[in-house]
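As structure tokens, the structure follows; a few thoughts come after it.
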Amino acid sequence: MSPTRPILREILAKSTRYLTEKNVDSPRLSAELVIAHALGLNRLDLFLDLDKPLSESELARIRPILARRGTGEPMAYILGRREFYGLDFHVTPEVLIPRPDTELGVELVLKLFDPGQTFCFADVGTGSGALCAILLKLFPQARAVATDISFGALNVATGNLRRHGVDQRCVRTRGDLLRHVKGRSLDLIVANLPYIGEKEAESLSKEVVGFEPHLALFGGLEGDELFPPLLWDAQEVLVNGGVVLLEVGTNQAKNLCDRIAGMSPRWTDIAIHRDLAGHERYAQARLRW
Ligand SMILES: C[S@@+](CC[C@H](N)C(=O)[O-])C[C@H]1O[C@@H](n2cnc3c(N)ncnc32)[C@H](O)[C@@H]1O
């Protein structure tokens, strides 16, 4: 007699227990995603088939993926994808996994420009290119420069910009902030640069600090070291009336806005934007000539 095969419901419960013991974030959801991915199903199919017996080859597909998740490797790297603002983006360990926080940046740009407007923007520290690609999708007349200091990140961004059909309107360049961009041509600079302080590293989840690129996470000891040099660069490349929109970390916005005001009287309309939870997320300023 052949041994009874375990059913999906049992494997789901067992996998959840395993991930709980490994202290993985969201163990039940992770188990569902791991199993669905291994079996080539979506999560809904999984729930419709909970009494399905699993074959040895199906179990063999689940085990290595579950083991990866058990080390704390983020689901997005295992799946190779993450959704941002309703579109799917390829992600690898060379790029930060796009966060919902950054979607506020998209909303803020939608308040600054009309959908049919022609303008040119830079996405500094583009990473996966998600923010840049979404903006090019939402503004079909816009053109962009996507920059990053990491070659690996720029490759991922290029793939994503192509995948969403917007690469023809975007120049990709590797470099430090905007130092390599010449001419006064930008109407907008958006940047989600690294802003976590190195001294905070120990308080970060191991799923973040152990797997995401440190170049994408840390902005010096305090976290805010890249903002001043970016603003100096911005003064050289923004048109009259051009705007910078910077994603910031907790408690950085006020200090950053004071610094912008102190840099030059040409910076005007300096503002802080909060997310729905009331956290300060973006600093904005406009350059006037
Ligand atoms: C926090 S990640 C953001 C990625 C992407 N914009 C997003 O929102 O998902 C920061 C990115 O900035 C890049 N970066 C770090 N230092 C930089 C620098 N000095 N100049 C340009 N890019 C930099 C990193 O390689 C990383 O891709």
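Start at 1 with the first residue, then count along the sequence. Not measured: the values here are computed from a predicted model.
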So the salt bridge (Lys or Arg N to Asp or Glu O under 4.0 Å) pairs with at least one residue in residues 121-137 (sequence neighbours excluded) are none
Can I get a per-line list of side-chain donor-acceptor pairs under 3.5 Å for residues 166-178, giving both atom names and the distance, sequence neighbours left out?
{"unit_1": "R169", "atom_1": "NH1", "unit_2": "L136", "atom_2": "O", "d": "3.3"}
{"unit_1": "R169", "atom_1": "NH1", "unit_2": "F139", "atom_2": "O", "d": "3.0"}
{"unit_1": "R169", "atom_1": "NH1", "unit_2": "P140", "atom_2": "O", "d": "3.2"}
{"unit_1": "R169", "atom_1": "NH1", "unit_2": "A142", "atom_2": "O", "d": "2.9"}
{"unit_1": "R169", "atom_1": "NH2", "unit_2": "L136", "atom_2": "O", "d": "2.8"}
{"unit_1": "R172", "atom_1": "NE", "unit_2": "T158", "atom_2": "OG1", "d": "3.2"}
{"unit_1": "R172", "atom_1": "NH1", "unit_2": "D167", "atom_2": "O", "d": "3.1"}
{"unit_1": "R172", "atom_1": "NH1", "unit_2": "C170", "atom_2": "O", "d": "2.8"}
{"unit_1": "T173", "atom_1": "OG1", "unit_2": "H180", "atom_2": "NE2", "d": "2.9"}
{"unit_1": "R174", "atom_1": "NH1", "unit_2": "I149", "atom_2": "O", "d": "2.7"}
{"unit_1": "D176", "atom_1": "OD2", "unit_2": "R179", "atom_2": "NH1", "d": "3.1"}

Taken in chain and number order and not counting sequence neighbours, the residues that satisfy ring-ring contact (aromatic ring centres under 6.0 Å, His included) with F113 are F119
*Do you see a donor-acceptor pair shorter than 3.5 Å between the side chains of E107 and Y85?*
yes
Those residues at least two apart in sequence (or on a different chain) that pass salt bridge (Lys or Arg N to Asp or Glu O under 4.0 Å) with K14 are none
Do any side-chain atoms of residues 269-284 form donor-acceptor pairs under 3.5 angstrom with protein atoms, and if so which ones, sequence neighbours left out?
{"unit_1": "D269", "atom_1": "OD2", "unit_2": "R286", "atom_2": "NE", "d": "3.2"}
{"unit_1": "H273", "atom_1": "NE2", "unit_2": "Q284", "atom_2": "OE1", "d": "2.7"}
{"unit_1": "R274", "atom_1": "NH1", "unit_2": "G278", "atom_2": "O", "d": "2.8"}
{"unit_1": "R274", "atom_1": "NH2", "unit_2": "E280", "atom_2": "OE2", "d": "3.3"}
{"unit_1": "D275", "atom_1": "OD1", "unit_2": "A277", "atom_2": "N", "d": "3.0"}
{"unit_1": "D275", "atom_1": "OD1", "unit_2": "G278", "atom_2": "N", "d": "3.0"}
{"unit_1": "D275", "atom_1": "OD1", "unit_2": "H279", "atom_2": "N", "d": "2.8"}
{"unit_1": "R281", "atom_1": "NH1", "unit_2": "Y195", "atom_2": "OH", "d": "3.3"}
{"unit_1": "R281", "atom_1": "NH1", "unit_2": "V248", "atom_2": "O", "d": "3.0"}
{"unit_1": "Y282", "atom_1": "OH", "unit_2": "E247", "atom_2": "OE1", "d": "3.0"}

Contacts of E202 meeting side-chain contact (heavy atoms from CB on, under 4.5 Å) (sequence neighbours excluded), chain-then-number -> none
Item to check | Side-chain donor-acceptor pair present, R69, S30, cut-off under 3.5 Å | outcome: yes
Residue set satisfying salt bridge (Lys or Arg N to Asp or Glu O under 4.0 Å) with K199, at least two apart, ordered chain then number -> E222
Residue set satisfying side chain to side chain donor-acceptor pair (under 3.5 Å) with R81, at least two apart, ordered chain then number -> D88
Sorted by chain and residue number, the side-chain contact (heavy atoms from CB on, under 4.5 Å) partners of K22 (sequence neighbours excluded) come out as Y18, V24
Scanning both residues in full, the closest heavy-atom pair of I97 with P74 reads CD1-CB, 3.5 Å
Minimal heavy-atom distance between S15 and I11, with the atoms involved, is OG-O, 2.6 Å
- Query: Do Q117 and Q141 touch side chain to side chain, with heavy atoms closer than 4.5 Å?
  - Reply: no
Discussion item. What I'd like to find out is whether the side chain of E200 reaches to under 4.5 Å of the side chain of F218, using heavy atoms alone.
Written reply: no
Contacts of S55 meeting side chain to side chain donor-acceptor pair (under 3.5 Å) (sequence neighbours excluded), chain-then-number -> S57, E58
Under 6.0 Å from the CG atom of N255, do we count more than 12 heavy atoms belonging to anything else shown?
yes
With sequence neighbours left out, the residues meeting salt bridge (Lys or Arg N to Asp or Glu O under 4.0 Å) with R99 are E212
Hits for salt bridge (Lys or Arg N to Asp or Glu O under 4.0 Å) against E103, two or more places apart or cross-chain, chain-then-number order -> none
